[in-house]
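Keep in mind the model is a prediction, meaning the values are calculated, not measured. Residue numbering restarts at 1 for every chain, and letters A, B, ... go by the order of the sequence lines.
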Protein chains: 2
Amino acid sequence: MQVTARAEYALRAVAELAAEPERPLSRNDLAEAQGLPGKFLESILRDLVRDGILTSRRGAGGGFQLARSPGEITLADVMRAVDGPLAAVRGVAPEGVSYPGAAQALTDVWVAVRAAVREILESTTVADLVAGRLPESVQRLISSEDAWHRR
Amino acid sequence: MQVTARAEYALRAVAELAAEPERPLSRNDLAEAQGLPGKFLESILRDLVRDGILTSRRGAGGGFQLARSPGEITLADVMRAVDGPLAAVRGVAPEGVSYPGAAQALTDVWVAVRAAVREILESTTVADLVAGRLPESVQRLISSEDAWHRR
DNA sequence: ATGAACTCTATTAGATCAGTAGGATTAGTA
DNA sequence: TACTAATCCTACTGATCTAATAGAGTTCAT
């Protein structure tokens, strides 16, 4: 259950774009604002354009902008654009795996894990992220003290 | 958010051991019962012994057994034994990352994701798994029809 | 003694991850 | 028209991880 650098960088760039909706921001603007490696970020931005999360304009004064309003882009949309499906078991979707004998119920566990992750990442929009006001159900998860403690 | 083969194989082996508590099962018994590669499983079993999830006995008639009762081993215990921490961002624990500017609240999102995953994997025991009776909170997550549908 | 079984070290082929290099193309501006 | 800013595209690299195998050593019951 590792979050990749691609996913993280994508979300940081998108947050920055949501905070500056007036003008396009260039790859370098974004890289500097968030301290990200420019060329690597570039390939991430292209994924986001391909998936219709961003629009781009070439040439002088060009750059990237959100294709929809920040309230209509979920964190799941962004992560799937750069990394593919949110959750998988050995590369296969949870409902696609099955087990013999004693381990049969394991499929249900994987489905539950994916559902839990979806609940967070599909209910939280980029607008929520930049406003720092996460949905009620997400707030509840982080309000417990030991959500912040390493196990 | 990929579940590795190690984690999956570990849980399948542990489930099998919980279903046959009387006698030790050998690496080959387990590999055959679940259709897993024997030598690879071996290194996974050693991780589980090292972390005190299993006990082992060498020699003829030896094999592996659960070190505690199945109701006292959570799925999280097993997964952490073979893969390390359940959730991380670029290899760092969620509470250890921080972001400038517009992306500040991203830390909260990662903490929420980890908390959600923990809630499932720490509340479900190996006994629940083999009985096919997952905790109430986990059942709720998979009862929705579209938890089973690819997005 | 024999053989069944775990323990341990090493190795490997392939994939993925994070990141870089460099040129081609597009577009605004002087 | 030239210049420059910017995206687009292809290719490549080094490091790490993943899944798996090989083979020798050790323990123990019979």
Side-chain angles (χ1 to χ4, degrees), chain A residues 1-13 17 23-67 79 82-85 88-92 97, chain B residues 1-13 17 23-67 79 82-85 88-92 97:
Chain A
M1 317 301 281
Q2 305 283 327
V3 176
T4 64
R6 287 185 82 75
E8 200 212 285
Y9 295 176
L11 287 168
R12 290 167 70 180
L17 289 168
R23 62 192 179 90
L25 297 182
S26 73
R27 175 195 71 155
N28 284 338
D29 293 339
L30 293 167
E32 276 178 38
Q34 286 289 323
L36 305 176
K39 288 299 277 181
F40 186 40
L41 178 59
E42 182 184 304
S43 82
I44 292 167
L45 292 168
R46 234 176 332 118
D47 285 343
L48 294 170
V49 170
R50 180 188 24 75
D51 264 41
I53 312 281
L54 304 184
T55 59
S56 61
R57 241 185 39 221
R58 291 176 160 197
F64 301 88
Q65 283 181 300
L66 298 185
M79 293 179 69
V82 297
D83 272 352
V89 182
R90 280 180 297 119
V92 180
V97 296
Chain B
M1 317 301 280
Q2 305 283 327
V3 176
T4 64
R6 288 185 81 75
E8 201 213 284
Y9 295 176
L11 288 167
R12 291 167 69 180
L17 288 168
R23 63 192 178 89
L25 297 181
S26 74
R27 174 196 70 151
N28 284 337
D29 292 339
L30 293 167
E32 274 177 40
Q34 286 288 323
L36 305 176
K39 288 298 277 182
F40 186 40
L41 178 59
E42 181 185 303
S43 81
I44 293 167
L45 293 169
R46 232 176 335 118
D47 285 343
L48 294 170
V49 171
R50 180 189 22 77
D51 264 41
I53 312 281
L54 304 183
T55 59
S56 61
R57 241 184 39 221
R58 291 177 160 197
F64 300 88
Q65 283 182 298
L66 298 185
M79 293 179 69
V82 296
D83 273 351
V89 183
R90 280 178 298 120
V92 181
V97 296

Nearest 0.5 Å, what's the [atom1]-[atom2] distance between [X] and [Y]?
X        : Y        : atom1 : atom2 : value
Leu36(B) : Arg12(B) : CG    : CZ    : 4.5 Å
Arg57(A) : Ser26(A) : CZ    : OG    : 12.5 Å
Gln34(B) : Asp29(B) : CD    : CG    : 12.5 Å
Gln2(B)  : Thr4(A)  : CD    : OG1   : 9.5 Å
Asn28(A) : Lys39(A) : CG    : NZ    : 10.0 Å
Glu8(B)  : Asp83(B) : CD    : CG    : 11.5 Å

Pairwise side-chain contact, Asp47(B) with Arg6(B), heavy-atom cut-off 4.5 Å (strictly under): yes
Minimum side-chain heavy-atom gap Leu66(B)-Leu54(B) below 4.5 Å: yes
Given dT21(D), dT7(D), dT20(C), the nucleotide with the shortest approach to the side chain of Phe40(A): dT20(C)
From dG23(D), dT7(D), dC17(C), nucleotide with atom closest to Thr4(A) side chain: dC17(C)
Full working for side chain to side chain contact (heavy atoms under 4.5 Å, CB included) between Arg90(A) and Val3(B): CA-CA 6 Å; Arg90(A) 280 180 297 119; Val3(B) 176; over 6 Å; no
Using whole Å, what does the distance between atom [atom2] of nucleotide [N] and atom [atom1] of [X] come to?
X        : N       : atom1 : atom2 : answer
Leu41(B) : dA5(C)  : CG    : P     : 14 Å
Leu45(B) : dC8(C)  : CG    : C1'   : 14 Å
Arg50(A) : dT10(D) : CZ    : C1'   : 16 Å
Arg46(A) : dT10(D) : CZ    : P     : 8 Å
Arg6(B)  : dT21(D) : CZ    : P     : 13 Å
Glu8(B)  : dT18(D) : CD    : C1'   : 14 Å
Ile44(B) : dC6(C)  : CD1   : P     : 14 Å
Arg90(A) : dA20(D) : CZ    : C1'   : 14 Å

Taking all non-hydrogen atoms of both residues into account, name the closest pair between [X] and [Y] and its distance.
X        : Y        : result
Gly61(A) : Pro24(A) : O-CG, 3.8 Å
Ile44(B) : Ala10(B) : CG2-CB, 3.7 Å
Leu45(A) : Ala13(A) : CD2-CB, 4.2 Å

Positions of residues 25-37 of chain B (non-hydrogen atom under 4.0 Å from DNA chain D), listed by number: Pro37(B)
Upstream residue (5' side of DNA chain D) when Lys39(A) and Gly61(A) are each assigned their closest nucleotide: Gly61(A)
Under-3.5 Å donor-acceptor pair between Glu42(A) side chain and dC8(D) base: yes
Any donor-acceptor N/O pair under 3.5 Å between dC17(D) base and Gln2(B) side chain: no
Side-chain N,O (Tyr9(A)) to OP1/OP2 (dA18(C)) below 4.0 Å: no
Pairing string, 5' to 3', for DNA chain C - Watson-Crick or wobble contacts under 3.5 Å, brackets [ ] where pairs cross, | to another strand: ||||||||||||||||||||||||||||||
Name the pairs: protein N/O against N/O of nucleotides 26-28 of chain D, kept only if under 3.5 Å.
{"from": "dT26(D)", "atom 1": "O3'", "to": "Arg58(B)", "atom 2": "NH1", "distance (Å)": "3.4"}
{"from": "dT27(D)", "atom 1": "O4'", "to": "Arg58(B)", "atom 2": "NH1", "distance (Å)": "2.7"}
{"from": "dT27(D)", "atom 1": "O2", "to": "Gly59(B)", "atom 2": "N", "distance (Å)": "3.4"}

